[in-house]
Amino acid sequence: MPAPLNTFKKALAEGETLFGCWMSIAEGYTAEIMGGAGFDWLLIDGEHSPNDIRSIRDQMMALKGSDSHPVVRVPIGETWIIKQVLDVGAQSVLVPMVETADQARELVRACRYPPAGTRGVGYAVGRVSNFGQMENYGPTADDQICLLVQVENKTGLDNLDEILAVEGVDGVFIGPADLSASMGYLGQTMHPDMVETILGALKRIADAGKAPGILTTDDRMIRDSLDAGARFVAVAMDIALLLNTGKETAAKWKNGGT
């Protein structure tokens with residue numbers, strides 16, 4: 001039995017546009033709820049949320065029967081953590097702060113088994129192979145891993161063309177918040193200069209034949225990003241959905257229900 005088809009990777013390769021939601025609450029129970037909301041993909045955030053490998057695993061388990069594809073963002077582009085998230089079942093990985101083509105090439109190798117890469121061969125005891133019951137997982141796994149890299153500072157943007165030329169990188173995600181800070185616009189992701197820079201980067205990614213990605217909850221920026229070629233777009237965040245709905249409901253009834 002081969003590794004399961006990565007439907008997210010296949011859809012991106014075929015030019016489909018996929019809408020997602022950022023998950024920062026870091027609980028399997030919440031992930032299971034969000035898995036029924038109808039998003040094409042859900043981002044399990046290991047960088048800025050209180051996740052560890054066990055909570056990432058629990059959210060992967062909660063999403064097993066969902067049509068929403070889980071993408072795991074690791075906290076840092078290190079081989080050891082990529083190995084762990086792949087072994088607990090992730091097929092799509094987002095890596096923050098990628099600055100150079102050399103770094104991107106090492107990430108590609110971290111996602112592949114030898115001799116093409118450096119991923120440790122331990123799938124026989126991992127969730128990823130149904131604990132050894134998927135006998136042909138190892139020889140078929142590499143083709144089903146989707147590697148997404150984040151370009152989110154000036155150095156990465158300066159090296160974007162070289163990063164885009166790396167074989168094995170499936171998509172490039174522009175991180176608006178960090179990129180804006182790096183360019184002197186901390187907290188100003190919607191500054192006209194930043195909007196122009198971000199949209200220009202998305203177009204360059206699309207023109208290079210890679211899938212461009214972005215997170216934004218601004219309707220106009222979502223539409224402009226789609227026009228620039230974005231193909232995996234996070235349009236919501238679980239914390240914001242909960243907080244904003246809670247605040248609106250509380251304010252409504254504290255003001256007489258109007």
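Taking Ile, Leu, Val, Met, Phe, Trp and Tyr as members and joining any whose side-chain heavy atoms lie under 4.5 Å apart, directly or through other members, the hydrophobic cluster of L242 also contains I25, I239.
Taking the side chain as every heavy atom from C-beta outward, I53 and V85 approach each other to under 4.5 Å. When side chains are defined from C-beta on, C146 does not count as touching V93, because their heavy atoms never get closer than 4.5 Å. Counting only heavy atoms from C-beta outward, the side chains of R105 and D102 approach each other to under 4.5 Å. Looking at M134 and P4, their side chains come closer than 4.5 Å, going by heavy atoms from C-beta outward. Residues E27 and E32 have side chains not in contact (no heavy-atom distance under 4.5 Å, counting atoms from C-beta outward). Contact check for I82 versus L107: side-chain heavy atoms found under the 4.5 Å cut-off. Proximity of Q103 to M97: side-chain heavy atoms (C-beta onward) are nowhere separated by under 4.5 Å. Put simply, the side chain of V235 does not reach to within 4.5 Å of the side chain of C21, judged on heavy atoms.
From M237, atom CE reaches atom CG of L241 across 8.0 Å, with rounding to the nearest 0.5 Å. For the atom pair H69 NE2 and F39 CZ, the distance stands at 16.0 Å (nearest 0.5 Å). Between the OG1 atom of T100 and the CD atom of E106 there is a distance of 9.5 Å, given to the nearest 0.5 Å. Going from atom CZ of F8 over to atom CH2 of W41 covers 6.0 Å, rounded to the nearest 0.5 Å. With rounding to the nearest 0.5 angstrom, the OG atom of S225 is 11.0 Å from the CZ atom of R231. Of the inter-residue distances, the one linking E152 atom CD with M183 atom CE reads 13.5 Å to the nearest 0.5 angstrom.
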Donor-acceptor contacts, no H, no angles, side chain residues 171-182, under 3.5 Å, sequence neighbours left out:
from: S180; atom 1: OG; to: P176; atom 2: O; distance (Å): 2.7
from: S182; atom 1: OG; to: K154; atom 2: N; distance (Å): 2.8

Side-chain polar contacts of residues 195-208 - donor-acceptor pairs under 3.5 angstrom, sequence neighbours left out - could you list them?
from: T197; atom 1: OG1; to: D193; atom 2: O; distance (Å): 2.9
from: K203; atom 1: NZ; to: D207; atom 2: OD2; distance (Å): 2.9
from: R204; atom 1: NH2; to: D161; atom 2: OD1; distance (Å): 3.1

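Note on V233 and M194: same hydrophobic cluster, where clusters join Ile, Leu, Val, Met, Phe, Trp and Tyr whose side-chain heavy atoms are under 4.5 Å apart, directly or indirectly. Under a hydrophobic-cluster definition in which Ile, Leu, Val, Met, Phe, Trp and Tyr are linked whenever side-chain heavy atoms come within less than 4.5 Å, directly or via other members, V169 and L12 are assigned to different clusters. Hydrophobic clustering of Ile, Leu, Val, Met, Phe, Trp and Tyr side chains at less than 4.5 Å, counting indirect connections, keeps L18 apart from L226. L43 and V149 are members of different hydrophobic clusters when ILVMFWY side chains are connected at heavy-atom separations under 4.5 Å. Y113 and V125 fall into different hydrophobic clusters, where Ile, Leu, Val, Met, Phe, Trp and Tyr residues are linked whenever their side-chain heavy atoms come under 4.5 Å apart, directly or through other members.
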If you apply the rule side-chain contact (heavy atoms from CB on, under 4.5 Å), what do you find for M190 with M221, and how did you get there?
CA-CA 8 Å; M190 297 304 296; M221 189 61 179; 3.9 Å; yes
Salt bridge (Lys or Arg N to Asp or Glu O under 4.0 Å) between D142 and R119, intermediate numbers included:
CA-CA 10 Å; D142 289 357; R119 181 180 175 188; 5.3 Å; no
Using the rule given for side-chain contact (heavy atoms from CB on, under 4.5 Å), can you reason through Y185 versus T189, listing the C-alpha separation, both sets of side-chain angles and the distance that settles it, and then say yes or no?
CA-CA 7 Å; Y185 294 97; T189 59; over 6 Å; no
Before giving the answer on ring pair (Phe, Tyr, Trp, His ring centres under 6.0 Å), spell out for F19 and F232 the whole-Å C-alpha distance, their side-chain angles and the decisive distance to 0.1 Å.
CA-CA 6 Å; F19 295 100; F232 63 105; over 10 Å; no
Test side-chain contact (heavy atoms from CB on, under 4.5 Å) on L86 and I145 and set out the steps.
CA-CA 9 Å; L86 294 179; I145 302 301; 3.9 Å; yes
Derivation of the salt bridge (Lys or Arg N to Asp or Glu O under 4.0 Å) call for K10 and E14
CA-CA 6 Å; K10 180 175 183 292; E14 293 175 351; 2.8 Å; yes
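Comment: D224 engages R220 in a salt bridge, judged by a side-chain N to carboxylate O separation of less than 4.0 angstrom. The pair R73-D45 meets the salt-bridge criterion, since a charged nitrogen lies less than 4.0 angstrom from a carboxylate oxygen. Salt-bridge formation is not detected for the pair D143/K9: no Lys NZ or Arg NE/NH1/NH2 atom is positioned less than 4.0 Å from an Asp or Glu carboxylate oxygen.
Side-chain contact annotation: N136 with T140, donor-acceptor N/O pair under 3.5 Å absent. A side-chain N or O of N6 and one of S92 form a donor-acceptor pair less than 3.5 Å apart. Between N159 and E99, the side chains place no donor N or O within less than 3.5 Å of an acceptor N or O (distance only, hydrogens not considered).
Checking side-chain atoms of D170 against main-chain N and O of L147 turns up a donor-acceptor pair under 3.5 Å.
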